[in-house]
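Read through the structure below, which is laid out as structure tokens, and then see the notes.
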Amino acid sequence: MTQPEQAATAFDALHTRHATALMQQAYLLTGRPWLARRAVERGFWLAWQRWPEVAVDPDPAGWVRAAVYEYALTPWHRLCPGLRTARGPRNLSAAGASDGALAAALLRLPAPHRRALLLHDGVGLGLDATAAEIEASVPATAGRLRHARERIAALLPQLGLDGQPPERQGEILRARLTALPGPPQVPPPVTGDVRSGSERSAQRITRTAFGATWLFVLVTLLTIAVTPDHYVPHPERPQADVPHSRMPADRQRGADERERRREARERRDAAREEGNSAREEGNAAVRKKIRQARLAPEIR
């Protein structure tokens, strides 16, 4: 058996063992059967595209589960009414009333609390493994788990969670969560279709990336081709023929009037200066004659 055949066989075995359980978990996370199916399909698509990495992972099923949960709880699903988390699980006619109440109570939890509760009490992961998978600290994970159990106990007192120790609460919830049915009338994706769909998705992504790259290169080349390498003045308004700005007629008359006033003021100041100089000369001549008159008797 060749290496690609071995990889396909190992991937198909992983999908066969865990696809149904992941469908049930994604359904409990979202309350929407087709969204759960899409999440599982996308998780295995990503696993097949990165199979060399997944194959050597200590827990390949956990790798796929993390991808499924991430897609199921993606925030941008809120923008699409068909992908939003349901307020209650769909098509509960096939399930019992108590199962429907528990599934509805799960959907009323915040998404981080719902995920922590499902991993710890539903899947059976330890607290450390749950914290590692949701990428949170152990105290934060324990707090989410405690708040989720308290909320479930308040919503469903018939479960008998109040007054029980944490270990007993986990056992009760694990037994009830594992007994919940999966999405009705929505089978998990077929193994062979998952691999072919993953390959087609990878090809589309590759073609899109190459197309975007070539489009960017083409736009860059066109920009360089049409951009001149030197300054070219505008043909309709050459720089040498740009008319000088002219002052409006009323502003020009005001400026002329202010200029005439300034010249008249300068002539008055000059005349005043000449008058002052003449008076100073006359006063000096008078003072000189007075001094001469005072000195005349002594000379005689």
Side-chain angles (χ1 to χ4, degrees), residues 11-12 14-55 57 59-91 103 106-125 129-136 141 144 148 177 180-206 208-209:
F11 176 82
D12 292 346
L14 178 68
H15 181 274
T16 302
R17 285 195 305 268
H18 300 285
T20 303
L22 288 176
M23 278 282 293
Q24 180 193 24
Q25 297 167 31
Y27 177 59
L28 294 178
L29 285 176
T30 62
R32 296 185 180 273
W34 287 105
L35 179 56
R37 188 181 192 279
R38 179 181 294 187
V40 173
E41 188 176 46
R42 296 298 177 89
F44 278 101
W45 279 9
L46 189 61
W48 181 242
Q49 292 171 8
R50 303 182 181 179
W51 183 248
E53 173 187 348
V54 179
D57 192 271
D59 184 14
W63 195 101
V64 179
R65 181 177 60 243
V68 172
Y69 281 32
E70 288 292 337
Y71 184 85
L73 299 177
T74 299
W76 60 263
H77 285 164
R78 303 172 186 172
L79 304 177
C80 182
L83 297 180
R84 293 175 185 169
T85 299
R87 296 183 178 180
R90 302 296 181 87
N91 302 324
L106 279 175
L107 293 175
R108 297 181 65 178
L109 297 175
H113 296 184
R114 194 185 323 147
R115 183 175 183 178
L117 181 69
L118 188 58
L119 287 173
H120 189 274
D121 293 344
V123 180
L125 297 183
T130 303
E133 184 155 330
I134 66 176
E135 297 181 351
T141 304
R144 294 178 187 179
L177 289 173
L180 288 178
Q185 301 178 356
V186 180
V190 182
T191 303
D193 295 343
V194 170
R195 281 192 285 108
S196 60
S198 176
E199 293 169 358
R200 289 193 300 269
S201 176
Q203 292 174 359
R204 286 195 299 268
I205 293 174
T206 303
T208 302

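For the numbers below, each heavy atom of this structure counts, side chains included, while hydrogens, waters and symmetry mates do not. Start at 1 with the first residue, then count along the sequence.
Between Phe44 and Leu14 the shortest side-chain heavy-atom distance falls below 4.5 Å. Residues Glu70 and Arg115 form a side-chain contact, since some pair of their non-hydrogen atoms from C-beta on lies under 4.5 Å apart. Using a 4.5 Å heavy-atom threshold, the side chains of Trp63 and Leu46 count as touching. Within the 4.5 Å cutoff, the side chain of Val64 has no heavy atoms near those of the His18 side chain.
Taking each heavy atom of Val68 and Ala39 in turn, the nearest pair found is CG2-O, 3.7 Å. Contact detail for Ala148 and Leu117: the closest heavy-atom pair is CB-CB, 4.1 Å. Here the closest heavy-atom approach between residue Ile134 and residue Ala116 is recorded as CD1-CB, 4.4 Å.
Using bins of under 30°, 30° to 60° and over 60° for the plane-to-plane angle, the ring pair Trp48/Phe11 lands in the tilted bin.
In this structure, OG1 on Thr141 lies 10.0 Å from NE2 on His113, to the nearest 0.5 angstrom. Summarising the geometry, atom CG belonging to Leu28 is positioned 6.0 Å from atom CG belonging to Leu106; distances are rounded to the nearest 0.5 Å. If you take CG on Leu125 and CG on Leu118, they are separated by 9.5 Å, rounding to the nearest 0.5 Å. Between atom OG1 of residue Thr130 and atom CD of residue Glu133 there is a gap of 7.5 Å, rounded to the nearest 0.5 Å. A distance of 12.0 Å separates CZ of Arg114 from CG of Leu119, quoted to the nearest 0.5 Å. Taking OH of Tyr69 as the reference point, atom CG of Leu22 lies at 7.0 Å (rounded to 0.5 Å).
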Under the side chain to side chain contact (heavy atoms under 4.5 Å, CB included) criterion, do Tyr71 and Leu35 qualify, and how do the steps go? CA-CA 9 Å; Tyr71 184 85; Leu35 179 56; 4.3 Å; yes
Where do Val123 and Gln25 land on the side chain to side chain contact (heavy atoms under 4.5 Å, CB included) test, with the steps shown first? CA-CA 9 Å; Val123 180; Gln25 297 167 31; 3.6 Å; yes
